[in-house]
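Reading through the structure tokens given below for one structure.
Note that the structure is a prediction, hence the values are computed from the model and not measured. Proteins come first, then strands; the chains are lettered A, B, ... in the order of their sequence lines, and each starts at number 1.
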Amino acid sequence: MTARCEEQVGEMELRRGEELLSASGDRPERFVAFYDLTMPGLLAYFVRRTLDAQVAADLAAETLAEVYASRTRFRDRGDGSATAWLYTIARRQFGRYLHRLRVEDAARRRLGMERLQLGPEDIERIEALIDFEHIGREVSAAFGELRTDQREALRLRVIEGRSYREMASELGCSEETARARVSRGLKRLAAQLDG
Amino acid sequence: MNAEDRERQLAQTQFAADLRSQFEALGERARPPRKRRRVVVVAVAAGVIVATMLGGVALAGGFHFASPPQPLHPAATPGGSPRHGAAATSVYPTNAKGQTYGPNRPMAQEPDLIAATATNGRDGYVLRTDLEGPVPSTPAEALRMQAAQAGKDRVIPVYESDGTTQIGVFVIGSGSVTEVVAQPPDWLLKQMSGLARNAGDPQASALWTLTTADKAVVVEGTDAPAKVADPHAPVYVFVVHGHFTKWLWSLPAGVSPPHYSWVVEEVDAGSRITNMSGNSEKPIDTSGLTMQRVVLPSAADE
């Protein structure tokens, strides 16, 4: 496929996404067409950021549930706005996940959707997207860029799974400070990996 | 296999299928039930609404039409028979031949004679049976009939309310207008009544028609569509008359009271508004279109 062809296909997909999301406003049964178009890319987006197939699947499901629930508010501006809309919600979900280290399920609960547990085959297929070697190098580099106190806080909280109380005791600071270091460290890490 | 192929394969996972099923079920649960049947449905590729709203001054005589407005049908006139009723027999008046007549009403069976405007501009009635045309008894027969009728106009007589005196003709379907309905689709009714309510007059009356985009552009006004991408695209045109007191859109500079004359709205194939413009004070001219009257449903009916 030539570069021009790819560009045209890309534009068509953007346009199609807007049309499908717009159409699902009054005709919710049409949302599945938007789902078919966007789900693989969205799942890939999350798995490359979380490096965890199950977390990525939960985030993708929650993001799409939120898009479904708010689809009537979407306004087609003809400039790829459906994709922007989707990924704005996705980034927000990812941000909340980084902050709390758990995936929200408010939209799914509101819609009465069940949480889906991945089977081994799905996990393998989804993890095939992760280039662990490359990402490992990136994470390592990004981790090294963090301030020492933030790096230490992330090590205790994320890698060792300590509580904030334990962290405060070990780091000789208040729980609030430990929480702030983790939060800032995760944000900076995310920004570096995202950029 | 490259990363793009692996990404595409995500659609093949059990997770993708299960999540899709959940959204499918949600969509099915939320889909509104169809309330009315369409007379003849072949296919509609896309839809565009040219919506026209005339301000309250229109009723007060401040407006003039390029073609004078036809008098409201008795059934649609305030003080006439009830706007919404339960049974056809109680909703429509009956002529000497025992035929019910009037504009189609939501939530009621169609009358024997349906209000229509003839090509000569006179208001009258067409026989429901004429409007529906021959009814196919099997899907195969329907296809044969559609093929035979493709691209052809069907001309039916327009009568006085007595069902006998012919006053003109009504033309059904031609070119790529592939849907002929005796009643606007539910979404269009909601669209019209929603606009009327939002503009401050839920009792507004309306005219509507289904035509092609090239014919819709004859609707006069500064913001009328000057050109159309697909001249054969099916287009709904509706004109709502009412005493409108509320602005529907952002205020034009330097204008304080609401006195917009008409608006143009476009909807996509899913019947959702995607674009709108208008606010011209110039009266609208729909004399080139064959409009039918329709009684708008109230919020309670919807």
Side-chain angles (χ1 to χ4, degrees), chain A residues 18-37 39-45 47-48 53-54 56-58 60-61 64-65 67-69 71-72 74-78 108 111-131, chain B residues 1-35 44-49 185-194 229 233 236 249-250 265-277 302:
Chain A
E18 289 169 351
E19 287 168 358
L20 294 173
L21 190 53
S22 296
S24 72
D26 286 347
R27 311 240 175 132
E29 72 275 12
R30 295 190 178 185
F31 186 78
V32 288
F34 178 74
Y35 170 89
D36 290 340
L37 185 72
M39 201 288 293
L42 184 67
L43 184 53
Y45 169 89
V47 79
R48 288 187 177 118
Q54 183 64 59
D58 284 341
L64 285 162
V67 171
Y68 178 88
R71 69 193 186 285
T72 54
F74 171 71
R75 293 290 172 265
D76 180 359
R77 298 196 306 268
R108 281 173 291 172
L111 295 170
M113 294 170 71
E114 287 175 24
R115 178 174 181 267
L116 297 170
Q117 190 71 42
L118 295 183
E121 278 184 23
D122 277 3
I123 291 175
E124 198 174 318
R125 207 172 240 176
I126 294 171
E127 285 189 344
L129 282 174
I130 307 171
D131 180 350
Chain B
M1 191 188 294
N2 63 26
E4 210 169 291
D5 291 334
R6 282 200 294 269
E7 192 172 311
R8 268 196 284 273
Q9 278 216 339
L10 294 179
Q12 314 296 322
T13 56
Q14 189 59 46
F15 163 75
D18 291 346
L19 187 58
R20 189 181 197 279
S21 300
Q22 291 193 356
F23 282 115
E24 245 169 1
L26 281 173
E28 287 302 316
R29 278 208 304 269
R31 183 196 294 207
R34 289 183 68 84
K35 286 193 290 190
V44 174
V48 176
I49 283 183
D186 289 341
W187 63 264
L188 183 59
L189 271 174
K190 285 181 185 171
Q191 181 70 36
M192 289 190 276
S193 61
Y236 284 104
W249 298 275
S250 57
E265 293 195 352
E266 294 181 6
V267 294
D268 57 21
S271 75
R272 206 183 67 81
I273 296 172
T274 56
N275 190 28
M276 53 190 182
S277 60
E302 290 176 16

Legend entry - Pick from A/Ala57, A/Gly41, A/Ala61 with the largest number of heavy-atom pairs that fall under 4.5 Å of chain B: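 Option with the greatest count: A/Ala57.
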Tell me, side chain or backbone of [X] under 4.5 Å from chain B's heavy atoms, or both, or neither?
{"X": "A/Met113", "value": "both"}
{"X": "A/Glu114", "value": "both"}
{"X": "A/Leu118", "value": "side chain"}

Inset, instruction - Classify the ring geometry between A/Tyr68 and A/Phe31 as parallel (under 30°), tilted (30 to 60°) or perpendicular (over 60°). - result: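 Answer is perpendicular, since the angle exceeds 60°.
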Inset, instruction - Looking only at non-hydrogen atoms, find the nearest pair between A/Asp122 and B/Phe15 and report the distance. - result: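 Heavy-atom minimum between the residues: OD2-N, 2.7 Å.
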Legend entry - Results of side chain to side chain contact (heavy atoms under 4.5 Å, CB included) for A/Ala44 - residues two or more places apart only: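 By the side chain to side chain contact (heavy atoms under 4.5 Å, CB included) rule, A/Ala44 matches A/Arg48, A/Leu129, B/Glu7, B/Leu10.
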Inset, instruction - Establish, from distance only, whether the side-chain atoms of B/Asp18 and B/Gln22 form a donor-acceptor pair under 3.5 Å. - result: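 The criterion, which ignores hydrogens and geometry beyond distance, is not satisfied for B/Gln22 and B/Asp18.
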